[in-house]
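Being a predicted model, the structure only gives us computed values, none of them experimental.
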Amino acid sequence: MELVKELWTFLRIRKKVWMAPIMAIMLLFGLLIVLTKGTAVAPFIYTLF
Amino acid sequence: MRILGISAFYHDSAAALVVDGNVTAAAQEERFTRRKHDPRFPKEAIAYCLAEAGCTLADVDHVVFYEKPFPKFERLLESYFATVPQGFSSFRVAMPLWIKDKLFQKDLLKEELEKLPGGSGWNGSLLFTEHHQSHAASAFFPSPYESAAVLTMDGVGEWCTTSLGHGSGNRLNIAKELHFPHSLGLLYSAFTYYTGFRVNSGEYKVMGLAPYGTPRFVQAILDNIVDVKEDGTFHLAQRYFNYVSGLTMTSEAFHELFGAPPRKPEEELTQREMDLAASIQAVTEMIVLRLARSIRVDTGERNLCLAGGVALNCVANGKLLREGIFDSIWIQPAAGDAGGALGAALAVWHQYAGQPRSVRQDRRDTMSGSYLGPEFSQDEIEQRLQNIGAKFDVRDEKDVTDQTADALAEGKAVGWMQGRMEFGPRALGGRSILGDPRSPTMQKTLNLKVKYRESFRPFAPSVKRESVSEWFDHDGDSPYMLIVGDIAKDRQRAMTEEQQALFGIDKLNIARSEIPAVTHVDYSARIQTVHRETNPRYWDLLSAFEKRTNCPVLINTSFNVRGEPIVCTPEDAFHCFMGTGLDHLTVGNCVLTKEQQDPALARDYKNEFALD
């Protein structure tokens with residue numbers, strides 16, 4: 001819950017509240033990937049995340 | 001006030017401790033875990049930093065992380081949103097990592113800190129600085145300047161890829177930023193990937209390969225890939241790249257432009273890769289010089305501080321210095337992300353806590369020669385070596401120096417472990433492999449029998465500061481091996497026409513100067529000046545070698561094999577000694593020779609580490 005609050009504050013300060021619905025959908029989508037695949041290991045290549 | 005800086009969760013995690021504004025300790029996690037570029041929470045490095053200051057986490061006022069996770073997450077989501085549907089492949093891999101771990105970095109940090117000695121119930125504050133703020137702080141605050149222009153360039157942090165700022169006293173302001181995906185670091189990395197090297201570790205190989213090539217692709221790069229403006233700002237044409245939406249650096253359009261797919265790692269190097277390396281090096285230098293000119297005009301400063309991964313490009317640094325845009329340049333020795341830990345801690349001390357900053361009277365920086373890592377007492381060294389079955393002689397300091405200088409003059413490959421370990425990617429005479437630079441065969445011997453690395457890479461010279469201008473076309477400090485300069489003209493040996501016609505790498509076997517083992521094919525060398533004030537023992541060794549040979553220069557390469565983190569402890573040093581073709585090892589006042597040792601203690605060291 002604290003994370004959601006912090007994210008919301010962050011979006012407000014950055015004036016990116018418009019991103020909130022997109023972020024929510026992408027997070028849900030991401031969650032779906034986590035639940036279906038369950039892998040959280042960085043691949044053996046260069047990543048920017 | 002004690003401030004602990006941390007960089008982690010990406011690559012090269014590290015910790016740094018600043019006590020009342022003084023840099024007390026700093027180290028990379030990989031040196032302790034023996035896992036190259038270890039990205040995990042740096043618990044061992046933190047434990048060391050706290051032990052060095054004789055405290056626990058309970059005594060630490062602030063812990064600061066070197067970047068901000070939310071803006072980074074924002075960058076990722078915006079990038080994926082902008083590249084739907086191509087971005088899905090990367091999104092699919094990134095999201096589980098973020099949702100499970102990275103989004104909760106604050107909690108993760110708190111949990112990890114809780115586990116440290118004194119961490120239970122710790123009531124200090126956990127802070128976050130921006131990635132490029134950390135780099136800029138690591139460049140300016142330890143520098144010897146009261147005020148300076150500050151330029152940082154790397155792959156990417158949150159959004160920023162390049163920042164231009166100004167530091168004065170304890171203030172540091174970033175005036176301009178270039179944002180992702182337009183990144184000089186990523187441009188260089190794209191060519192690193194395309195020429196078959198590993199991104200984030202192979203960039204220095206591309207730099208080392210460049211002198212063998214002709215920059216024949218420069219125009220193709222400038223016409224198609226990167227639009228460089230007069231002030232050094234630039235725009236990368238994204239159709240040639242795949243790092244925003246995919247899992248590789250370059251796209252099909254990039255491969256079509258250069259007429260072939262990327263070289264596979266470990267495949268034979270051809271003139272084409274050398275020409276590509278020379279070309280991207282030339283473009284990088286052009287951008288760095290233009291940025292430097294523009295920041296010189298913007299700030300009016302005569303001194304420049306550099307950090308960020310691109311600042312490790314010592315060839316570009318050398319050009320920048322010789323161009324004379326600035327009177328003086330200072331480069332943070334841990335310019336990569338590891339140094340972010342130090343910068344973050346210094347940013348908290350000066351910018352958050354508002355503490356004043358004073359420049360040293362002797363005009364030196366406050367990095368203590370970058371010897372900020374662990375050291376071992378003589379008793380401890382003996383005990384540790386005994387425990388692993390090493391046979392050694394104990395001598396007094398002068399004898400150790402003399403015996404080592406004798407071994408070097410006899411052409412032996414020497415492991416040298418003295419004092420505190422270096423912070424940053426370079427070995428500076430604390431954890432080094434040394435050799436005689438006058439030997440025409442030493443470069444090949446060290447590369448193939450000791451380092452097990454590609455033979456195209458020449459070694460770097462250490463030289464007594466007092467003698468640098470006698471041997472190199474350079475007359476300033478370069479204590480961190482981050483400036484490339486030419487071998488002095490009168491020490492060079494011209495190649496015959498026949499030799500000139502040799503294929504790139506074969507030229508390296510020709511003695512092109514009085515110190516061929518450290519002379520690149522273009523007569524350049526990555527210079528380290530050794531200062532009596534910061535490393536008296538190494539300086540004494542250079543003097544002892546000079547007495548025997550009239551040469552105050554030694555080959556200095558990091559004490560490790562390819563893919564291995566630089567050694568940290570006496571045990572690491574002994575294992576590397578026994579697993580390689582090193583003849584002689586000096587640890588503190590202990591002297592070890594290969595003949596003394598039990599051959600059963602040798603091991604297949606070459607295959608123990610994944611190639612980098």
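- The side-chain heavy atoms of B:Phe73 and A:Met23, taken from C-beta on, include a pair separated by under 4.5 Å.
- If you take CZ on B:Arg92 and CG on A:Leu32, they are separated by 13.0 Å, rounding to the nearest 0.5 Å.
- Atom CZ of B:Phe81 sits in a sparse spot, with 12 or fewer heavy atoms from other residues, nucleotides or ligands closer than 6.0 Å.
- Looking at B:Lys106, the atoms closer than 4.5 Å to chain A (heavy atoms on both sides) all sit in the side chain, from C-beta outward.
- Side chains of A:Phe10 and B:Glu74 form a contact here, defined as non-hydrogen atoms less than 4.5 Å apart.
- Counting heavy atoms from C-beta on, the side chains of B:Leu103 and A:Leu27 come closer than 4.5 Å.
- Counting heavy atoms from C-beta outward, B:Phe70 and A:Thr9 have side chains that stay 4.5 Å or more apart.
- With a 6.0 Å radius and a threshold of 12 heavy atoms from other residues, nucleotides or ligands, B:Lys36 has its NZ atom above the threshold.
- Proximity to chain B (any heavy atom under 4.5 Å) is restricted, for A:Glu2, to the side chain, taken from C-beta onward.
- Counting heavy atoms from C-beta outward, B:Leu77 and A:Ile22 have side chains that stay 4.5 Å or more apart.
- At a 4.5 Å heavy-atom cutoff, the contact between B:Pro71 and chain A is made by backbone and side-chain atoms alike.
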